[in-house]
Structure formats: C-alpha cells, structure tokens
Amino acid sequence: MRKEIKRIKVKDLLVSKSFGKEVHVKGWVRTKRGSKKIGFIALNDGSIIHNMQIVVDFPEFDEQTIKQITTGSCLSVTGTLVESKGKGQNVEIHARHIEVYGTADPDTYPLQKKGHTLEFLREIAHLRFRTNTFGAVFRVRHTMAYAVHKYFNDKGFYYLHTPIITSSDAEGAGEMFRVSVLDDLNPPKTPEGKVDYEKDFFGKETNLTVSGQLEAELAALALSEVYTFGPTFRAENSNTPRHLAEFWMIEPEMAFYDINDNMDLAEDFLKFIVSYTLENSPDDLEFLNKMYDKELLERLRFVVEKEFIRTNYTEAIKILKNANEKFEFPVEWGSDLKAEHERFLVEKYYKRSVILTDYPKDIKAFYMKQNNDGKTIRAMDVLFPRLGEIIGGSQREEDYDRLKGRIDELKIPVKELWWYLEVRKFGTAPHSGFGLGFERMVQFVTGMSNIRDVIPFPRTPRSAEF
RNA sequence: UCCUCAGUAGCUCAGUUGGUUAGAGCAUCUGACUGUUAAUCAGAGGGUCGUUGGUUCGAGUCCAACCUGGGGAGCCA
C-alpha cells in the first residue's frame with residue numbers, strides 16, 4: 001500500500017517552488033495531447049482558471065489507464081513537481097502514478113476542447129461548470145457574494161433572513177408564485193364557489209416572496225442597519241436576457257438614513273463590490289475580458305473611479321425633451337422612463353453612472369416618502385451602462401398618516417399590512433433602503449450578456465431543468 | 001405577451017431560381033510522430049435537414065401551425 005500524500009490544489013501548486021518534490025493533485029482532464037512516447041494532460045480542479053500540465057511518459061504506464069484518460073475524465077495524479085521545459089506554464093508534474101476516478105466516454109461526453117456557444121452550454125448546465133467560462137463566472141459570483149457580506153458586516157449591518165413564504169402582496173412588485181398544499185384537482189371551496197384558502201396549510205393564501213423589504217424595515221427600526229440577501233421570485237412572463245423567475249436580491253434597510261445617506265451608501269456599496277472583485281478575481285476577470293468583452297476591465301475601473309452623477313427626475317425629463325434623439329416612447333413628465341431613456345442618459349448624455357431622484361409619486365411604490373410638493377417622492381434609481389436600472393430605492397414614508405393616506409388612495413388592503421403601519425405608530429424614525437438584483441450585478445461585473453449565464457440553474461418561463 | 005431572426009452530423013456552420021447519392025471545419029475512431037500548448041499530418045465512420053400538415057412529378061429549399069433558442073420591446077431587479 002502506497003503512502004498517500006496530501007492532495008494540493010492546482011492554484012497552490014502553480015505558485016509552488018517545491019521543485020523535485022513528490023506532489024498529489026486531483027482534477028478533470030481538459031485536453032490530452034502528445035505522441036506515442038510522451039503525453040501532456042491539462043488538468044483542472046476548479047481552484048483557479050489555469051490548468052496543471054501533467055507530463056506522462058506513456059511507456060511507463062499500462063495502456064488501459066492511458067486509454068481512459070480522455071477529455072472530461074477525472075484523475076488522481078502523483079508525481080514530481082518540476083520547472084516546465086515547455087513554454088506556456090512555469091511548473092508541471094511528471095506523473096509517477098495515475099488513478100482514473102471517473103472515465104468520460106469521448107463518443108458521448110458533450111464538451112470538446114473547442115469553444116461552445118453559451119446557448120449550447122445552457123442546455124448542459126450540469127456540465128458547464130467544467131468550462132473555463134463558467135468556472136470563471138461562478139468563482140466571480142462567489143467573490144461578489146462574499147464581498148456583499150463583508151461590506152455590510154464591516155459597516156455594522158446585520159444580515160437578516162426574511163421569510164420566503166409570505167402572505168402579503170402589498171408591494172405589488174409583480175406576479176407571485178402561489179404556495180399551497182390543497183388538492184389541485186378538487187380544492188375545498190367557499191360558499192361563493194372560490195378556493196377556500198382557510199383550509200390551506202397556513203390558513204390563508206400564501207406566495208413566494210417578491211421582496212424582503214417590508215420585513216427588513218421592521219428590523220431596521222430596532223437594529224438600525226440590516227440587509228437581506230436571499231432568493232426572490234417573480235412569476236412574470238418575462239423573456240429577456242435580464243430576467244429570471246428565481247433570483248437573488250440584496251436589500252439593505254437603514255434607520256436614520258435620509259435619501260442622501262441612501263445614495264451615498266448605494267454608490268459606495270457598488271464601488272466596493274466592483275473593486276473587491278477586481279482585486280480578488282483578477283485571473284477570471286481577465287479571461288472574461290479577453291473572451292467576451294474587451295472593454296470589461298476598463299468599464300469596471302471606470303465605475304470605481306468616477307463619481308456617479310446625481311440629478312432628479314424632472315431634470316432628466318428636461319434633458320430628454322431637449323435631446324436631439326428619436327425615442328420610440330414619448331417623454332412626458334409623469335410617465336416612467338423607458339430603457340431607451342435610461343440608456344441615453346447614462347451612455348450618451350452623462351457617460352457616467354447616474355442616480356435619479358424625486359420621481360412622480362404615481363409611478364412609484366406606496367411606501368416611498370412623499371415630498372412636500374405633493375407630486376414627487378424621495379425615490380432613487382441607480383442607472384448603469386448596458387443594464388439600465390441596477391438599484392431601486394427610496395427614503396421610506398415614516399409618517400403614519402401620510403402612509404395610511406397613500407395606502408387608502410391606492411386601495412391596498414390595510415388588513416394585510418397592519419404590522420407595517422404599526423411600526424410607524426410606535427417610535428417611528430426616518431429610514432431608507434434599496435434593492436439590488438444580484439444577478440444583474442454579476443452580469444455587469446462578468447460582462448455576460450445573458451442573465452441565464454450568471455446563475456447556476458436558471459429558472460425562466462417554461463424552463464426549470466436541473 | 002408582442003416584434004424579429006434562426007433551427008441541417010456530437011459542436012459551429014455552408015447548401016444557388018425547388019431537381020440525381022446533403023457538404024466543410026472541429027470533435028470522435030484508426031495510423032504516424034520523444035516536449036505538446038485549441039499540437040501537427042494521413043485515413044475512416046457519422047444525417048428522420050426541429051415537429052406535424054400542406055403545395056408540387058419532385059421539398060433541406062415554398063406555405064401554415066406548433067415546439068425550441070437568440071436579439072429587441074413590455075413588465076421589472
């Protein structure tokens with residue numbers, strides 16, 4: 001029985017200087033090439049985008065083992081770490097012993113050495129992690145998720161887990177997925193003939209959450225600063241490269257923050273996420289820059305370095321009206337900005353990230369703090385190049401009467417929201433918050449143009465495979 | 001959901017005004033090569049042309065519906 005040497009990750013071996021030492025590495029074969037006598041295996045274990053080159057003197061190994069080493073197979077290799085004689089890598093391993101953990105039949109294994117389209121890889125999402133691209137994307141996604149927690153933790157925010165099953169559809173943030181255990185063929189009915197949700201698991205109609213904001217506000221009015229970071233669900237029939245039915249959203253909520261504090265936080269937060277990722281995932285970002293988007297790194301640095309433009313909705317309307325630009329949708333004070341308008345402001349007019357504030361109250365949610373002009377509310381949208389709105393937020397209406405008034409105006413059922421109103425009755429405070437779609441941020445940082453390529457297993461209309 | 005483009009070998013694509021037996025590159029397999037870098041060179045195998053129906057002597061090609069995917073729009077994060 002051979003004495004087992006501890007396995008070392010490729011990432012660590014590539015910078016190792018322990019030449020001449022016996023090492024142990026495990027991973028998946030990207031390519032095998034060579035002649036009858038000598039072979040080269042590119043081995044990747046996901047720890048880094050780069051591969052470890054394994055040099056094999058074929059005559060020293062039995063033919064059966066060598067035959068099993070094909071693209072996609074999984075190996076455990078022991079050998080000597082040496083300085084590479086070839087160009088393209090600094091170190092390599094001269095194999096002494098190879099164990100094949102898992103074969104990958106070349107006739108049926110769908111991944112080749114050559115590049116594949118992202119569309120094809122989406123159909124084999126269970127295997128696409130093994131490509132350079134998706135390895136890079138999901139390592140970057142991790143780095144960004146970690147950066148989110150680090151940022152808020154360092155600032156004294158508490159990570160709050162808001163419910164995934166909810167009974168309030170108060171925000172009106174979109175169509176919801178119903179959660180029910182009722183017999184779908186023969187549900188209990190009320191005397192009026194409607195489905196009787198009193199008989200359902202929770203005794204009322206429940207859905208998957210579309211936002212954790214309302215609950216986060218409750219916590220903020222006690223813990224001061226909290227944030228959520230969790231799955232969010234929208235049953236909208238949206239078929240675009242920017243929408244998912246299941247996505248991850250980040251929602252900080254802060255007591256004693258006004259709209260300006262809120263903007264400061266949003267800008268600082270976005271810049272931190274980008275710069276942290278630039279610093280901690282340089283190899284992956286460089287790869288994505290080279291393969292998919294030649295201006296990616298430049299754009300990321302630009303976001304970090306340049307101050308965001310801050311202006312208000314009314315000013316934006318003026319600019320758009322005076323713009324020498326043909327828009328498909330008309331620009332009128334009171335109507336919401338369309339994607340074309342947002343992109344014009346960001347990409348053509350200011351050529352900067354933009355924060356717009358003070359939108360007309362009728363195009364925004366009921367909970368936003370009303371300005372004294374009676375027409376606008378203290379909303380803020382952060383607009384990014386390519387993506388448009390990446391953050392939507394506001395100062396919240398903390399005044400009980402004004403909030404109640406708005407709820408009544410919009411005929412929102414108060415009975416579902418008694419708790420939300422009650423925190424305005426007891427020790428209310430000015431407070432603010434915003435929401436960020438995590439995948440959209442990952443899109444921005446990785447340069448991936450389709451949101452389905454930045455979440456491991458995308459859920460979209462008519463698609464829930466894997 | 002609307003508009004638009006596409007679906008041909010495992011992958012990426014070509015296929016003329018409708019006309020004999022549907023092609024290429026890569027991948028795969030076999031062979032050659034003692035240091036390769038998406039290795040190279042030679043040969044071989046590989047197809048219900050998305051599905052169904054229609055027009056026609058004849059359909060990969062024309063028409064219709066549907067399915068799947070891309071892009072744009074709406075909804076939104």
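All heavy atoms count here, side chains included; hydrogens, waters and symmetry mates do not. In the text below, chain A, chain B and the rest are named by the order of the sequence lines, each starting its count at 1.
- Helical stems in RNA chain B, defined as runs of 3 or more consecutive Watson-Crick or G-U wobble pairs with both donor-acceptor distances under 3.5 Å, are listed by first residue as B:1-7 with B:67-73, B:10-13 with B:23-26, B:28-32 with B:40-44, B:50-54 with B:62-66.
- Ion pairing between a basic and an acidic side chain is recognised when a charged N comes within 4.0 Å of a carboxylate O; A:Lys321 and A:Glu332 show such pairing.
- Rounded to the nearest Å, the gap between the P atom of B:G7 and that of B:C13 is 10 Å.
- Between the side chain of A:Asp57 and the base of B:U34, no donor-acceptor pair under 3.5 Å is found.
- Between B:A22 and B:U61, the distance separating the two P atoms is 15 Å to the nearest Å.
- The P atoms of B:G19 and B:G53 are separated by 23 Å, rounded to the nearest whole Å.
- The separation between A:Glu63 atom CD and B:G31 atom P is 9 Å, rounded to whole Å.
- Closest approach to the A:Thr31 side chain among B:G74, B:G10, B:A39 is made by B:A39 (side chain taken as heavy atoms from C-beta onward).
- Picking from B:C76, B:G35, B:G72 the nucleotide with the shortest atom distance to the side chain of A:Phe40 gives B:G35.
- Within the nucleic acid shown, A:Pro106 comes within 4.0 Å of sugar-phosphate atoms alone, with no base atom in reach, counting heavy atoms only.
- Of the side-chain N and O atoms in A:Asn450, one or more sit less than 4.0 angstrom from OP1 or OP2 of B:G71.
- B:U16 and B:C11: their P atoms are spaced 22 Å apart (whole Å).
- A gap of 26 Å separates the C1' atoms of B:G71 and B:C63, to the nearest Å.
- Taking the side chain of A:Lys37 as heavy atoms from C-beta on, and the options B:U34, B:G35, B:G10, the nearest nucleotide is B:U34.
- The base of B:U36 is paired with the side chain of A:Gln53 by a donor and an acceptor separated by under 3.5 Å.
- Here A:Phe152 and A:Phe269 bring their ring centres to under 6.0 angstrom of each other.
- Between A:Phe120 atom CZ and B:C26 atom P the separation is 18 Å, expressed in whole Å.
- In this structure, A:Asp107 and A:Glu123 both approach RNA chain B, and ranking their closest nucleotides by distance from the 5' end singles out A:Asp107.
- Contacts of A:Glu439 with the nucleic acid, taken as non-hydrogen atoms under 4.0 Å apart, are absent.
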Collect all protein-nucleotide pairs involving nucleotides 41-43 of chain B in which both atoms are nitrogen or oxygen and the distance is under 3.5 Å.
none

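- When the nucleotides B:G70, B:U30, B:C75 are ranked by their closest atom to the side chain of A:Lys67, B:U30 comes out on top.
- In terms of polar N and O atoms assigned as donor or acceptor, the side chain of A:Ser238 never comes within less than 3.5 Å of the base of B:C76 in a complementary pairing.
- Across all strands shown, A:Glu92 has heavy atoms under 4.0 Å from base atoms, whether or not it also approaches the sugar-phosphate.
- Note on A:Phe233: nothing from the nucleic acid sits closer than 4.0 angstrom, heavy atoms only.
- The distance between the ring centers of A:Phe327 and A:His341 falls below 6.0 angstrom.
- Salt bridge absent: A:Lys26 and A:Asp45 never bring a charged side-chain N and a carboxylate O closer than 4.0 Å.
- Rounded to a whole Å, the CZ atom of A:Phe177 is 16 Å from the P atom of B:C76.
- Candidate nucleotides B:C33, B:U36, B:U1 were compared by shortest atom distance to the side chain of A:Lys36, and B:C33 ranks first.
- A:Asn207 places none of its side-chain heavy atoms less than 4.5 Å from the side chain of A:Phe233.
- Spacing of C1' atoms, B:A14 relative to B:U8, comes out at 10 Å, to the nearest Å.
- At the heavy-atom level, A:Ser84 lies under 4.0 Å from base atoms of the strands shown.
- One C1' atom belongs to B:G74, the other to B:C2, and the distance between them is 8 Å to the nearest Å.
- For the pair A:Gln68 CD and B:C29 C1', the interatomic distance rounds to 17 Å; values are reported in whole Å.
- The distance from the CG atom of A:Leu278 to the CD1 atom of A:Ile273 is 11.5 Å, given to the nearest 0.5 Å.
- Comment: A:Arg141 engages A:Glu439 in a salt bridge, judged by a side-chain N to carboxylate O separation of less than 4.0 angstrom.
- For A:His116 against B:C11, no side-chain N or O and base N or O form a donor-acceptor pair under 3.5 Å.
- Between the CD atom of A:Glu328 and the P atom of B:C3 there is a distance of 14 Å, rounded to whole Å.
- Among the atoms of the strands shown, none is found under 4.0 Å from any heavy atom of A:Thr108.
- Mapped onto RNA chain B by nearest heavy atom, A:Asn237 and A:Thr70 fall at different nucleotides, with A:Asn237 at the one closer to the 5' end.
- Classification of A:Asp264 and A:Arg310 as a salt-bridged pair holds, one side-chain N sitting under 4.0 Å from a carboxylate O.
- Side-chain N/O atoms of A:Arg452 include one lying less than 4.0 angstrom from OP1 or OP2 on B:G70.
- As judged by a 4.0 angstrom heavy-atom cut-off over every strand, A:Arg122 is placed among residues touching the sugar-phosphate backbone only.
- Not less than 6.0 angstrom separates the ring centroid of A:Phe302 from the ring centroid of A:Phe384.
- Heavy atoms of A:Gly86 sit under 4.0 angstrom from at least one base atom.
- Rounded to a whole Å, the CG atom of A:Leu127 is 17 Å from the P atom of B:G10.
- Comparing B:C11, B:G35, B:A73 against the side chain of A:Gln112 picks out B:C11 as the nearest.
- In summary, A:Asp283 and A:Lys11 do not engage in a salt bridge, as defined by a charged side-chain N under 4.0 Å from a carboxylate O.
- Residues A:Phe138 and A:Arg128 meet the side-chain proximity criterion, which asks for heavy atoms closer than 4.5 Å.
- No engagement by A:Leu387 is indicated, since no non-hydrogen atom pair under 4.0 Å with the nucleic acid exists.
- The existence of a salt bridge linking A:Lys348 and A:Glu325 is confirmed by a sub-4.0 Å separation between a basic side-chain nitrogen and an acidic carboxylate oxygen.
- Note: CH2 (A:Trp248) to P (B:C76) measures 24 Å, nearest angstrom.
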**Q.** Worked check of side chain to side chain donor-acceptor pair (under 3.5 Å) between A:Ser16 and A:Ser18
**A.** CA-CA 6 Å; A:Ser16 171; A:Ser18 308; 3.3 Å; yes

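- For the C1' atoms, the distance linking B:U21 with B:G60 amounts to 15 Å, nearest Å.
- Atom NE2 of A:His341 is separated from atom P of B:A73 by 12 Å (rounded to the nearest Å).
- Counting only heavy atoms from C-beta on, A:Lys338 has its side chain closest to B:G74 among B:C11, B:G74, B:G71.
- Between A:Arg343 and A:Glu340 no salt bridge is recorded (no basic side-chain N to carboxylate O distance below 4.0 Å).
- OP1 and OP2 of B:U40 both lie 4.0 Å or more from every side-chain N or O belonging to A:Arg33.
- At the heavy-atom level, A:Ala42 lies nowhere under 4.0 Å from the strands shown.
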